[in-house]
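Take a look at the structure set out below.
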Amino acid sequence: MAEENESPLAPYATPSSDPVHQSLEQKEVSLAVIEALGATKITTMICSVAGFIAVGLMLWAAFTAMPYDASGFAILLLIATVSFFAPYFAFRYSRSVTRVTKSLKEEDLVKALKNQSLFWGYICILACLWGFLMLLALLGAIA
């Protein structure tokens with residue numbers, strides 16, 4: 001009968017000693033972290049909206065140029081498509097930061113930092129690509 005009442009989670013143990021309860025427990029983010037993230041929230045939202053406007057203007061220019069210059073249309077469409085993802089990731093980061101400042105949950109902070117990592121990873125790829133293209137242009141100008 002003692003075997004039936006025993007469970008691997010020790011039902012009368014305190015919650016802090018229960019490993020399953022610890023992993024499901026919601027941890028709160030400190031106030032200093034919230035204040036630091038809150039300072040970036042408005043800036044990233046403004047930058048992402050400005051980026052979306054710039055992408056929209058590029059698309060407008062591409063479709064305006066389409067009847068006159070097919071290669072110009074293709075280049076502008078490519079640039080607008082590549083440029084879309086930076087403001088998109090910044091917008092996702094800003095929304096995640098807003099969620100963290102309201103909920104104060106660690107899981108929301110982790111999502112916000114993942115979105116920030118996506119943004120900076122994408123910007124790093126673009127910077128390397130831009131540097132490579134500039135190197136090719138320099139070598140082409142020298143030759």
*asked:* Looking at Val55, is its backbone amide N or carbonyl O close enough to the side chain of Ser83 to form a donor-acceptor pair, meaning the two atoms are under 3.5 Å apart?
replied: no
ask   = Is there a path of hydrophobic side-chain contacts, each under 4.5 Å between heavy atoms of I, L, V, M, F, W or Y residues, that connects Phe89 with Leu113?
value = no
Here the gap from Thr81 atom OG1 to Leu78 atom CG, rounded to the nearest 0.5 Å, amounts to 6.5 Å
Output for pair (Leu37 CG, Leu109 CG), nearest 0.5 Å, gives 6.0 Å
Asp108 meets the side chain to side chain donor-acceptor pair (under 3.5 Å) criterion, sequence neighbours left out, with Ser103
- Are Asn115 and Leu118 side-chain neighbours, meaning at least one heavy-atom pair lies under 4.5 Å? yes
In short, Gly38 meets Val97 closest at the heavy-atom pair N-CG1, 4.4 Å
Residues Leu59 and Ala80: closest non-hydrogen pair is CD2-CB, 3.7 Å
Rounded to the nearest 0.5 angstrom, the CZ-CD1 distance for Phe85 and Ile125 is 11.5 Å
Residue set satisfying side chain to side chain contact (heavy atoms under 4.5 Å, CB included) with Ile53, at least two apart, ordered chain then number -> Val49, Leu57
side-chain hydrogen bond (donor to acceptor under 3.5 Å, both in side chains) pairs touching residues 116-136, sequence neighbours excluded, are none
Taken to the nearest 0.5 Å, the spacing of Leu133 CG from Leu126 CG works out to 10.5 Å
Does Tyr93 form a side-chain hydrogen bond (donor to acceptor under 3.5 Å, both in side chains) with Thr40? I'd like the steps, not just the answer. CA-CA 10 Å; Tyr93 169 71; Thr40 65; 3.2 Å; yes
Residue set satisfying side chain to side chain contact (heavy atoms under 4.5 Å, CB included) with Trp60, at least two apart, ordered chain then number -> Thr64
Taken to the nearest 0.5 Å, the spacing of Leu76 CG from Ser71 OG works out to 9.5 Å
Those residues at least two apart in sequence (or on a different chain) that pass side chain to side chain contact (heavy atoms under 4.5 Å, CB included) with Arg95 are Phe91, Arg92, Arg99
Sequence neighbours excluded, the answer for side chain to side chain contact (heavy atoms under 4.5 Å, CB included) partners of Phe73 is Ala62, Phe63, Met66, Leu77
*Mind running side-chain contact (heavy atoms from CB on, under 4.5 Å) on Lys105 and Val100 for me, showing each step along the way?*
CA-CA 6 Å; Lys105 293 181 182 175; Val100 170; over 6 Å; no
Minimal heavy-atom distance between Lys41 and Ser94, with the atoms involved, is O-OG, 3.1 Å
Closest heavy-atom pair, Ala86 versus Ile123, reported as atoms and distance to 0.1 Å, is CB-CD1, 3.9 Å
### Message
I want to check something: taking the side chain as every heavy atom from C-beta on, are Val33 and Ser30 in contact at a cut-off of under 4.5 Å?
### Response
yes
Closest non-hydrogen contact found for Phe52 with Phe84 is CE2-CE1, 3.5 Å
